[in-house]
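Structure record follows, encoded as C-alpha cells.
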There are 2 protein chains.
Amino acid sequence: MAATIKDVARLAGVSQSSVSRALAAPDQVRAATRERVERAVAQLGYEPNRIARGLSTGRTGTIGFLVPDIANPLFAGIVKAAQRRARDFGLAVLLADSDEDPATEIDLIRTLTKQVDGFVLCAPRAGDDELRSVCGDLPVVLLNRRVGQLPSIIFDNADGIRQALAHLAALGHRRVAYVAGPRTSWVNRERLRAVRSGAAGLGLEVVEAGNVSPDFEGGVAVADLVLAAAVTSVIAYNDMIGLGLVSRFGARGVTVPGDVSIIGFDDIPASALVSPALTTVSQPKDQCGRAGIDLLADLLNDRERPGSSRASLPTRLIVRASTGPAPKL
Amino acid sequence: MAATIKDVARLAGVSQSSVSRALAAPDQVRAATRERVERAVAQLGYEPNRIARGLSTGRTGTIGFLVPDIANPLFAGIVKAAQRRARDFGLAVLLADSDEDPATEIDLIRTLTKQVDGFVLCAPRAGDDELRSVCGDLPVVLLNRRVGQLPSIIFDNADGIRQALAHLAALGHRRVAYVAGPRTSWVNRERLRAVRSGAAGLGLEVVEAGNVSPDFEGGVAVADLVLAAAVTSVIAYNDMIGLGLVSRFGARGVTVPGDVSIIGFDDIPASALVSPALTTVSQPKDQCGRAGIDLLADLLNDRERPGSSRASLPTRLIVRASTGPAPKL
DNA sequence: ACAAGATCTGGAACCGATTCCAGAAGCGCT
DNA sequence: AGCGCTTCTGGAATCGGTTCCAGATCTTGT
C-alpha cells in the first residue's frame, strides 16, 4: 500500500493539515516543520493521491482532448505536441476520437465532462450552440474553429488560401476549382469563403466542386467533375483529396502539373513522398497543440491572458511539384 | 451544482446506502425501493461522481495507453480502435506518447500509475525488468512485445517475414538485405531473428544492414550501403525506411523493382500512394487496439481468459509495385 | 398466529486528501 | 515580565460516493 498523508503526519509528528500545507503552501508553515515533513515524505516516498485530492478540490489534473480523427496526421501531430506540453503542467490528457461524427463529438464531451478540469476541443462538426452548451462552464479551448467569444486557436486559413491563389495567379492560371470538404466543417466553410473573396482581386475565376469526403476516395470521385469544369488549377480542401485527384488524373492521362496544377492543405507526410509531390498549405501543428495547452492551463489558473485567448497561427504555402505554369491554350 | 447521492436519497425518501445499492446491485433491493430511486435519479438527472466513487472503490474507470509515437500511423490506428472499444466499456483513455524514448516510457508509466486502473503499453524501448517493475501490480497488457508471462498482444512478425521471404524467393531472388531498425526495439529483434531463421530454408542469403532510425531519413542514409552489398532485394524494418530506400535508389538511378525489390512493414497510408507503391507487410491495427482493450477489461474484472491473454495477430503481405522478378545477372 | 430464516434497509465508518476555524506558539516592544 | 499582534498548528468538517454491520421487515412453514 502506498503511504498516505496520515503516515507522513505520524512519522513527522505533526498533523495532517500541516503536512498538506507544507506541500501545497510551504510559506505558511514554519521552516522547521516543513523540513520534518519533507524528510518524512522522502522517507516514505509519499505522493498525494490524486483522486482524493480531486474529491476535495474538485480538480482532477486531467484535461479532455477531442479530435475528429487521430489517424489523420494533422491531428496526430497536434495531439503529440499537446501531450508533451501537458506533461510540463502535470496535466494528464484524456483522448477522445469522435470519428468525424457530430453526435459522437457531443456525446464524448458529455461523458468526459465530469472527469476533467477542462477541454481542448477540435470538434469541427458539432453545432455551435450545442457545443457551447455541452461544455457547461468548464474552461474550453477550441482548436481550428471559432465559436462566439470562446477562447480558440485557429490556423490562418484565409491567408493560406491567399498564398495558394497568389501562387496560381502568378503562374498564369485564370480558372481555379475549389474542391470542398464536408459541408458541416467550419474549416471548410472558412476556406471556401477565403477562396471566394480572394479570387476576384487576382483575376481568378472560381469553380466550386461539390462537397466530398475528405479522403483519397473523395478526391478520386470528384476528379472527373473537376476535369469537366475545364479549369487549369485546383485547390483541394485537404491533401488526401488532392492526392486522390492526382491519382485519378494520372489514370485519365491528365498530367500534373502540365495540364492541371493541384494544391492541397495540411502537408501530410504522404504529400512529400508521392510524385509529383503535392504543393500544399502547411499548418504549424506543434505550435497549435502547445498553444492549446498553454491557453487552457492559463484558463485553469484563472490567469486569463486577454490578448492571446484567440490566436491565429500562420500558415505557409509549400511549393512542390504539383503546381506549374498554366498550360497555353 | 450537479445532484449528489444525498439529493437522490432525500427525494426518494430512502437512505444513501439504498440509492447506492439500487444502482450498483439492483437485485439486492426491493423492487418498490428501486423504482422510487430510479424515478428520483431520472428526475434529478443524477449521475454518480466518478472521482468520489474512485476514492472509495480505488477504481477510476480510466486506463493508460502508452505509445511510442502517436504520429506514426500504425499507433494512431491502434489507438483509434482502442479508444472506440474503451468507450463500450465506459473506460476513459489517458494517452501518453513517449517519443520513442526509453526513459520517457518509464517516466510516463510511473506518473500515470496512480491515476489509472490499468495499462495498455506499447513500450518497445524500455528494458524488460524495468517495465515489469514500474507497473507494480496494476493490470497491464503489452502490445507488440512479449515480456515474461505478461499478457500481451503481438503481431505475428515471424510469419510476416516468412511471407515476405517466400515472396522474394518465388521471384527468384537469392540475396536479400534486412535493414534493421532501432537496436533496442523488441520488434526489430523479432524481425531480424525471423529473417535469419527463415532465409536458409528458402535458399536465401541474408545481408544485415546496420541499425537506422525508423524513418525516411534512415532509409535514405542506408541506401548506398545496401547497394554496395550487391543484393537484389531488401526487407526494411518498416515502411518509412522502405520509402527512404525507394527515394534514394531513384536518385541513384537504380530502378525499383527492376534492379532491386523492396518490402516494407506496417502498411502506412503513404506506401499505397507513392510510386512504385510499396509492397509491405500489413498488421491488423484495429484488431490489435480492440483486443488490447478487451484483454485489459477482462483483467480489470478478474476475469482472466487463460487462453487469450497472449494473442498473436495474423500479418499479411500486401504485394504492390515495389517487388518484381530478380534481375538476370 | 408465530418462530425461524431470508431479505432489506439505514446508520456510520471509510477512502485520502483539503480547508476552515479556533486556539497555541512565537515575536517585538515597553 | 507582560501585552498585543502575527504566524503556526491541530482538530474537525467536507468532498461524494461505497460498504460493513446490526436491526427492521418480509416470507415461509407449521
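Chain letters run A, B, ... following the sequence lines, proteins first and then strands; every chain starts at 1. No experiment lies behind these values; they were computed from the predicted model shown.
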Write out a two-atom table: protein N or O, nucleotide N or O from nucleotides 23-27 of chain D, distance below 3.5 Å.
none

- Quick one: does A:D117's side chain have a donor or acceptor within less than 3.5 Å of a partner on A:I63's backbone? no

- Note on the structure: When every non-hydrogen atom of A:L299 is compared with those of A:V140, the smallest separation belongs to CD2-O, 3.8 Å

- Message: Does any part of the side chain of B:I154, heavy atoms only, come nearer than 4.5 Å to the side chain of B:W186, both counted from C-beta?
- Response: yes

- Would you say the side-chain atoms of B:D101 and B:T104 include a donor-acceptor pair closer than 3.5 Å? yes

For residues 73-85 of chain B, tabulate all N or O donor-acceptor pairs below 3.5 Å that involve a side-chain atom, not counting sequence neighbours.
{"residue": "B:K80", "atom": "NZ", "partner": "A:D69", "partner atom": "OD1", "Å": "2.8"}
{"residue": "B:K80", "atom": "NZ", "partner": "A:D97", "partner atom": "OD1", "Å": "3.1"}
{"residue": "B:K80", "atom": "NZ", "partner": "A:D97", "partner atom": "OD2", "Å": "3.1"}
{"residue": "B:K80", "atom": "NZ", "partner": "A:D99", "partner atom": "OD1", "Å": "3.1"}
{"residue": "B:Q83", "atom": "NE2", "partner": "A:D97", "partner atom": "O", "Å": "3.4"}
{"residue": "B:R84", "atom": "NH1", "partner": "A:D99", "partner atom": "OD2", "Å": "2.4"}
{"residue": "B:R85", "atom": "NE", "partner": "B:D294", "partner atom": "OD1", "Å": "2.6"}
{"residue": "B:R85", "atom": "NH1", "partner": "B:D88", "partner atom": "OD2", "Å": "2.9"}
{"residue": "B:R85", "atom": "NH2", "partner": "B:D294", "partner atom": "OD1", "Å": "3.2"}

- Intermediate values then yes/no, salt bridge (Lys or Arg N to Asp or Glu O under 4.0 Å), A:R110 and A:D107: CA-CA 5 Å; A:R110 210 189 298 281; A:D107 217 54; 5.0 Å; no

- Would you find a donor on one side and an acceptor on the other, under 3.5 Å apart, between the side chain of A:R146 and the backbone of A:R310? yes

- Message: So if I define the base as every atom that isn't primed, P, OP1 or OP2, how would nucleotides 14-20 of chain D read as a B/S/- string at a heavy-atom cutoff under 4.0 Å?
- Response: -BBBBBB

List the atom pairs, donor and acceptor, that lie under 3.5 Å between side-chain atoms in residues 47-56 of chain B and the rest of the protein, sequence neighbours left out.
{"residue": "B:E47", "atom": "OE2", "partner": "A:K114", "partner atom": "NZ", "Å": "3.4"}
{"residue": "B:N49", "atom": "OD1", "partner": "B:I51", "partner atom": "N", "Å": "2.7"}
{"residue": "B:N49", "atom": "OD1", "partner": "B:A52", "partner atom": "N", "Å": "3.0"}
{"residue": "B:R50", "atom": "NH2", "partner": "B:G61", "partner atom": "O", "Å": "3.3"}
{"residue": "B:R50", "atom": "NH2", "partner": "B:G90", "partner atom": "O", "Å": "3.2"}
{"residue": "B:S56", "atom": "OG", "partner": "B:R53", "partner atom": "O", "Å": "3.4"}

- Have a look at the helix from C:dA1-D:dT30 to C:dT30-D:dA1 and give the angle its two end axes make, five pairs each, rounded to 10 degrees. 30°

- Item | Spatial distance of atom CG (A:D137) from atom OG1 (A:T113) [nearest 0.5 Å] | 8.5 Å

- Message: With a 4.5 Å cut-off on side-chain heavy atoms, are A:V93 and A:L91 touching?
- Response: no

- Message: By the 4.0 Å heavy-atom rule, please label A:D27 as base, sugar-phosphate, or nothing.
- Response: sugar-phosphate

- Start and end of the DNA chain C segment that chain B contacts, any atom under 4.0 Å from a heavy atom: C:dC8 to C:dG16

- State whether the side chain of A:T184 and the backbone N or O of A:R125 hold a donor-acceptor pair below 3.5 Å, judged by distance alone. no

- Indicate yes or no for a side-chain donor-acceptor contact from A:R34 to the backbone of A:P26 under 3.5 Å, with no hydrogens or angles considered. yes

